[in-house]
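Bear in mind the structure is a predicted one, so any value in this text is a computation, not a measurement. Residue numbers start from 1 in every chain, and the chains themselves are labelled A, B, ... in the order their sequence lines are given, proteins ahead of strands.
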2 protein chains.
Amino acid sequence: MSVVLRPSEALNLWHDVTLGLVRDGGHDFSARQITILLTVYLETPPHTVRGLAAKLGVTKPVITRALDTMGALELVSRRRDEADRRNVIIQRTVKGALFVEKIGDLIVARAKDLPR
Amino acid sequence: MSVVLRPSEALNLWHDVTLGLVRDGGHDFSARQITILLTVYLETPPHTVRGLAAKLGVTKPVITRALDTMGALELVSRRRDEADRRNVIIQRTVKGALFVEKIGDLIVARAKDLPR
DNA sequence: TCCGATTGTTACGGAGGCGTTATAGTCTGA
DNA sequence: TCAGACTATAACGCCTCCGTAACAATCGGA
């Protein structure tokens with residue numbers, strides 16, 4: 001199965017949702033930051049800096065800096081992997097889960113209001 | 001009518017598309033930049049700095065700077081409004097139209113591949 | 001036990017965005 | 001006509017991010 005969407009509907013949906021994020025979100029996240037956040041909250045753990053860097057096709061410092069930013073906002077947290085102390089495990093937070101949930105609700109609402 | 005989407009589907013779609021933009025897009029645009037770009041290409045002209053600032057709920061210099069950046073990439077262009085020379089009209093470009101079209105195709109493709 | 005490989009972070013100079021404020025150009029109506 | 005309103009942009013100091021390179025900590029096999 002799949003979600004059927006025309007290009008014009010797709011673009012209108014994207015526009016409406018990003019506008020919602022800009023107007024009400026408070027933060028102005030980049031595509032990289034959003035991708036990291038959603039990856040951590042949607043894909044099965046564990047998540048490491050190296051794994052995220054490979055998945056996004058960026059360097060490790062990019063991930064470290066994004067985690068610094070989103071960690072300061074308490075949207076994610078970090079923990080040493082005790083099994084292999086070179087690794088850092090990126091963990092979810094209550095605040096981050098609520099934020100992601102809000103984004104999901106926003107997309108669903110804008111999709112529902114989409115004229116077709 | 002409307003597009004029916006569950007929260008988990010919505011988030012997975014958002015994740016897949018932003019990941020595609022990060023991996024293949026080359027640029028790392030912010031939500032503000034994407035919103036400006038899509039507004040210019042989806043809503044009926046004319047578009048002015050003041051109008052975009054009001055719509056996004058940000059100050060005018062934010063719009064000016066975003067237009068500087070996207071103008072350098074030739075995704076939009078600017079022209080003085082001859083009827084009222086205080087205004088600047090933001091115009092579409094061939095390069096920008098192709099870019100927006102690519103985003104639309106990406107969303108449609110990821111929606112089609114979405115498991116449900 | 002080391003020595004190479006691996007992981008994440010920090011340091012660095014540069015680039016660009018931020019909000020606020022100031023400014024140049026343009027319009028409009030008293 | 002001209003003073004005030006309005007438009008977009010420039011200037012300012014601050015902050016964050018960039019890519020590259022160096023780094024400390026840790027692991028694992030010879």
Worksheet item: Looking at residues at least two apart in the chain, or sitting in another chain, which of them share a salt bridge (charged side-chain N to carboxylate O under 4.0 Å, His left out) with R79(A)?
Response: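 For R79(A), no residue satisfies salt bridge (charged side-chain N to carboxylate O under 4.0 Å, His left out) once neighbours in sequence are set aside.
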Distance in angstrom units between [X] [atom1] and [N] [atom2], rounded:
| X | N | atom1 | atom2 | value |
| --- | --- | --- | --- | --- |
| I89(A) | dT9(C) | CD1 | P | 11 Å |
| R80(A) | dT26(D) | CZ | C1' | 9 Å |
| D84(B) | dA5(D) | CG | P | 17 Å |
| R32(B) | dC18(C) | CZ | C1' | 8 Å |
| R50(B) | dC6(D) | CZ | P | 8 Å |
| L73(B) | dG16(C) | CG | C1' | 12 Å |
| Q33(A) | dC17(D) | CD | P | 6 Å |
| H27(B) | dG16(C) | NE2 | P | 13 Å |

Practice prompt. May I ask you to list the residues sharing a hydrophobic cluster with L98(A), side-chain cutoff 4.5 Å, ordered by chain and number?
Written response: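 ILVMFWY cluster around L98(A) also holds V94(A).
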Worksheet item: Between R86(B) and dT9(D), is there a side-chain N or O to OP1/OP2 distance below 4.0 Å?
Response: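 Negative; the distance criterion is not met.
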Practice prompt. Please determine if a side-chain N or O atom of T64(A) lies less than 4.0 Å away from the OP1 or OP2 oxygen of dT9(C).
Written response: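 Yes, T64(A) has a side-chain N/O under 4.0 Å of OP1/OP2 on dT9(C).
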Discussion item. Quick check: closest heavy atoms across L11(B) and L42(A), and the distance to 0.1 Å?
Written reply: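 So the minimum-distance heavy-atom pair works out to O-CD1, 3.4 Å.
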Worksheet item: Just how far is it from atom CZ of R50(A) to atom CZ of R86(A), taken to the nearest 0.5 Å?
Response: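 Separation between the atoms: 10.5 Å.
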Counting heavy atoms from C-beta on, name the nucleotide in [options] closest to the side chain of [X].
| X | options | value |
| --- | --- | --- |
| R85(B) | dT9(D), dG19(C), dC27(C) | dC27(C) |
| T59(A) | dT9(D), dT26(C), dG19(D) | dG19(D) |
| T69(A) | dA11(D), dC27(D), dT16(D) | dT16(D) |
| V88(A) | dC17(D), dT9(C), dC6(D) | dT9(C) |
| P61(A) | dA21(D), dT7(D), dG8(C) | dA21(D) |

Item to complete: Scan T48(A) against the nucleic acid and name what it touches under 4.0 Å (heavy atoms): base, sugar-phosphate only, or nothing.
Response: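 The residue T48(A) makes sugar-phosphate contact but no base contact.
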Worksheet item: With sugar-phosphate meaning primed atoms plus P, OP1 and OP2, does R65(B) contact a base, only sugar-phosphate, or nothing at under 4.0 Å between heavy atoms?
Response: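 Base, at least one base heavy atom under 4.0 Å.
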Fill in: Residues R78(B) and D68(B) bridged, charged N to O under 4.0 Å
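So R78(B) pairs with D68(B) through a salt bridge.
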Worksheet item: Taking the nucleotide of DNA chain D with the closest heavy atom to each, which residue, D81(A) or V62(A), is nearer the 5' end?
Response: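 By nearest-heavy-atom nucleotide position, the 5'-most residue is V62(A).
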Discussion item. Pick the closest DNA chain D nucleotide for N87(B) and for E82(A) by heavy atoms, then say which residue is nearer the 5' end.
Written reply: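 Mapping each residue to its closest nucleotide by heavy atoms, the 5'-most match is N87(B).
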